[in-house]
Amino acid sequence: MIGGSNPRSRSHFFMRLSRYFLPVLKETPSDAHIVSHRLMLRAGMIRQAAAGIYSWLPLGFKVLRRLEDIVHQEQIRAGHDPMLMPTLQSADLWRESGRYDDYGEEMLRITDRHGHDMLYGPTNEELITDIFRNSVQSYKQLPLTLYHIQWKFRDERRPRFGVMRGREFFMKDGYNFDIDKAAAMHAYNRHMVSYLRTYERMGLKAIPMRADSGPIGGDDTHEFLVLADTGESEVFYDKRILDLSLGERAVDYDDWDQCAAIKQEWTTPYARTDETHDAALFDAIPEEYRMTSRGIEVGQIFYFGTKYSEPMNARVTNADGDLVPVHMGSHGIGVSRLVGAIIEASHDDNGIIWPEAVTPFKVGIVNLKQGDSEADSACEALYKELTAKGLEPLYDDREERAGGKFATMDLIGLPWRITVGPRGLKNGVVELTSRRTGESREMVPAEAIAELEAIYSEV
RNA sequence: CGGGCUAUAGCGCAGUUUGGUAGCGCGUUCGUCUGGGGGACGAGAGGUCGCAGGUUCGAAUCCUGCUAGCCCGACCA
């Protein structure tokens, strides 16, 4: 975390805009056509390295890490074990599952110096199943869910939309191993609940929709979609699903009935992508609740039974002493894609508007008259106090005019801004401004800090 | 993978038709004035014109080949 104790710490040093690497662009790069891509480039979050491949600059990297942290926390809360698998894999396991040929051109194939066929992993079912089968022999070691958050690569024919459809992407993928279908369905439900909680924590409304299983295969699958005009999928849903919220309710992830009930709650209202859309069912909804819009897919959960455990011989001994293939499922959250999706869902003409839970800095300090001793010292005091309280400020201490500082703050989207200028300081006040509403209130610095503490204690 | 297009300074672009030694805006550096929504003035720095070959006295410009990237479609977390 951010420590206020050591004023020379790197985090302290680089939270001053004069020393922070934030290459913002005034003009829109011509290659970017959708709003999140444009804003991520303009806000200095990413830099394109090749088609569909991006470097994450400090500001973008901070957001990516925040999302990763939330995903980890919610996975661990649900009882899943974090681990890390490599990006490069041997082709051998993929030949065993039969997917080496099935996957086609989307898989990036590499040959090492020994002539061995390698690949940059697009997903990890084979690898995890291999790990599992070598170490688990008994039903007593189940249930088990392993996951990791790692870079993947899919050699898209046509990457586009910035990080929303890159070739390289950062993704959480998890795999559950259960003794039978009933247990695996609990894992499925548990994942649905934990995903709902994950997205809610990020300040997003992600709707689970019945979906197609695609190349992963399997029977049961839901996609989670964030509504946004620029979404790649057309979606049909019952408006009432938007009213559902997990909120503060306590969830026991080991409670099969509770998880099943929550899944039931979220899958009862109609919600489907165009792939699985059923016009007859949709038309049965009262017209006032019938909604059509576009959505960005930010996650998917699958139950695929023994699709991999059979061919790869991942079996355990059950209570009767019989050797049976384990029932599996997999689940993914597109972490890097979420950065774009959040921006698509939360921005205005001036720039990004970060939800408090994922913002790269919690508050921006704008010094309207750099070099004015009163303004400078008021800003320094605020900066130290906010830093000490873990309210991670970004202090714009550049020799810039007010307009430029405001424009930068609006562009990078910090949800709160404290504006400090000689005019207000005459009366001992600063301004606290909400990026989302634009509402601005004058108050003494201590009150602004207290307000921010209250706001952030809730996220 | 089909169709279309682009490549000139960090970013956005003009110059290519008609070959003559590279320009504008923003940004950037220095100075002065300014100071509550991208300010003004002055002085600078910055480019193998995507790469290779060819034509020519001379190529950003014409020709050939290559590479990279973008858009529409089909496809996809």
Side-chain angles (χ1 to χ4, degrees), chain A residues 23-34 37-38 41-42 44 47-53 103-107 121-124 150-173 195 206 209 211-216 221-226 231-233 273 275 295-302 330-341 349-351 366-372 375 396 398-411 417-426 429-431 433 438 440 442:
Chain A
V24 299
L25 303 172
K26 203 175 203 173
E27 284 170 283
T28 301
S30 61
D31 283 352
H33 295 270
I34 65 162
H37 190 197
R38 239 177 9 232
L41 289 167
R42 286 196 53 213
R47 187 66 58 86
Q48 180 165 321
I53 302 176
Y103 226 94
E105 294 288 305
E106 296 233 317
M107 183 187 280
T123 177
N124 293 270
Q150 175 65 292
W151 292 95
K152 312 284 192 298
F153 197 93
R154 288 182 197 166
D155 199 358
E156 298 280 346
R157 279 180 184 146
R158 193 185 154 208
R160 63 185 118 173
F161 305 150
V163 299
M164 296 234 293
R165 186 156 164 208
R167 291 193 291 174
E168 190 183 46
F169 55 100
F170 198 50
M171 179 179 172
K172 172 262 165 180
D173 50 320
Y195 276 29
M209 301 199 181
D212 253 358
S213 56
I216 308 276
T221 177
H222 281 85
E223 288 178 344
F224 292 78
L225 286 106
V226 173
E232 74 271 58
S233 320
T273 64
E275 295 169 331
I296 300 164
E297 191 191 329
V298 294
Q300 188 160 9
I301 55 178
F302 300 88
S330 73
H331 336 86
I333 294 179
V335 180
S336 50
R337 161 178 279 210
L338 268 167
V339 179
D349 290 346
N350 295 323
V366 169
N367 186 345
L368 290 176
K369 193 169 182 181
Q370 208 69 42
D372 177 275
D396 191 344
R398 296 172 303 163
E399 284 289 345
E400 269 285 322
R401 297 176 59 88
K405 291 190 178 187
F406 289 143
T408 298
M409 282 294 173
D410 287 349
L411 175 61
R417 184 182 85 207
I418 298 179
T419 310
V420 180
R423 197 197 297 175
L425 288 176
K426 275 183 201 146
V429 298
V430 297
E431 262 173 49
T433 306
S440 200
E442 293 196 329

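We name chains A, B, ... by the order of the sequence lines, and we start the count at 1 in each one. All heavy atoms count here, side chains included; hydrogens, waters and symmetry mates do not.
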For [N], give its Watson-Crick or G-U wobble partner with both distances under 3.5 Å, or none.
N     : result
B:C24 : B:G12
B:C76 : none
B:C49 : none
B:G19 : none
B:A68 : B:U6
B:G31 : B:C41

Taking [atom1] from [X] and [atom2] from [N], how many angstroms apart are they, rounded to a whole number?
X      : N     : atom1 : atom2 : answer
A:R167 : B:C75 : CZ    : C1'   : 15 Å
A:K405 : B:G35 : NZ    : P     : 15 Å
A:E275 : B:C75 : CD    : C1'   : 11 Å
A:M107 : B:C76 : CE    : P     : 16 Å
A:R160 : B:G4  : CZ    : P     : 18 Å
A:L25  : B:C13 : CG    : P     : 13 Å
A:R47  : B:C11 : CZ    : P     : 7 Å
A:R401 : B:C41 : CZ    : P     : 13 Å

Result of checking A:V335, A:V226, A:I333 against A:V298 for side-chain contact (heavy atoms from CB on, under 4.5 Å): A:V226

A:P122 versus A:R154, closest heavy-atom pair with distance: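 The answer is O-NH2, 2.9 Å.
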
Nearest non-hydrogen partners of A:N367 and A:A375, listed with the distance: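 Scanning both residues completely, I find the closest heavy atoms to be OD1-CB, 3.4 Å.
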
Base, sugar-phosphate, or nothing: which does [X] touch, judged by heavy atoms less than 4.0 Å apart?
X      : result
A:E297 : sugar-phosphate
A:A51  : sugar-phosphate
A:E105 : nothing
A:D410 : base
A:G404 : base
A:G44  : nothing
A:G334 : nothing
A:G371 : nothing

Among B:C72, B:C70, B:C75, the one nearest A:R157 by side-chain distance: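 Taking heavy atoms from C-beta onward, the closest nucleotide is B:C75.
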
Nucleotide of B:G36, B:U28, B:C1 approaching A:R158 most closely (side-chain heavy atoms):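 Given the options B:G36, B:U28, B:C1, the side chain of A:R158 is closest to B:C1.
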
Parallel, tilted or perpendicular, as decided by the 30° and 60° cut-offs, for the rings of A:Y195 and A:F224: tilted

Inter-nucleotide [atom1] distance ([N], [M]), Å rounded:
N     : M     : atom1 : value
B:C76 : B:C13 : P     : 33 Å
B:U48 : B:A60 : C1'   : 12 Å
B:G58 : B:G19 : C1'   : 8 Å
B:U34 : B:G15 : C1'   : 37 Å
B:A77 : B:C5  : P     : 32 Å
B:U55 : B:C63 : C1'   : 7 Å
B:A22 : B:G50 : P     : 16 Å
B:U18 : B:U61 : C1'   : 10 Å

Check: A:R165 side chain, B:C76 base, donor-acceptor under 3.5 Å: yes

Any donor-acceptor N/O pair under 3.5 Å between B:G37 base and A:R417 side chain: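 Result: at least one qualifying N/O pair found.
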
Validation row: A:N124, A:Q150 side chains within 4.5 angstrom (heavy atoms):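 Side-chain contact under 4.5 Å: no.
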
Taking only side-chain nitrogens and oxygens of [X], does any of them come within less than 4.0 Å of OP1 or OP2 of [N]?
X      : N     : answer
A:Q48  : B:C70 : yes
A:T419 : B:G36 : no
A:S30  : B:C13 : yes
A:K26  : B:G27 : yes

Check: A:S233/A:E297 side-chain N/O donor and acceptor closer than 3.5 Å: no

Presence of salt bridge, A:E156 and A:R165, under 4.0 angstrom: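 Answer for the salt bridge query: yes.
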
Short side-chain to backbone donor-acceptor contact, A:R42 and A:L25, under 3.5 Å: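 A pair under 3.5 Å: yes.
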
Donor-acceptor pair, side chain of A:T433 and main chain of A:G438, under 3.5 angstrom: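 Pair absent, no side-chain N/O of A:T433 close to backbone of A:G438.
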
Along RNA chain B (nearest heavy atom to each residue), the more 5'-positioned of A:V420 and A:M171: A:V420

Nearest-nucleotide 5' precedence on RNA chain B, A:D31 against A:E27: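 Looking at the nearest nucleotide for each, A:E27 comes out on the 5' side.
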
A:F169 ring over B:A77 six-membered base ring, under 5.5 Å and 30°: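 Yes.
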
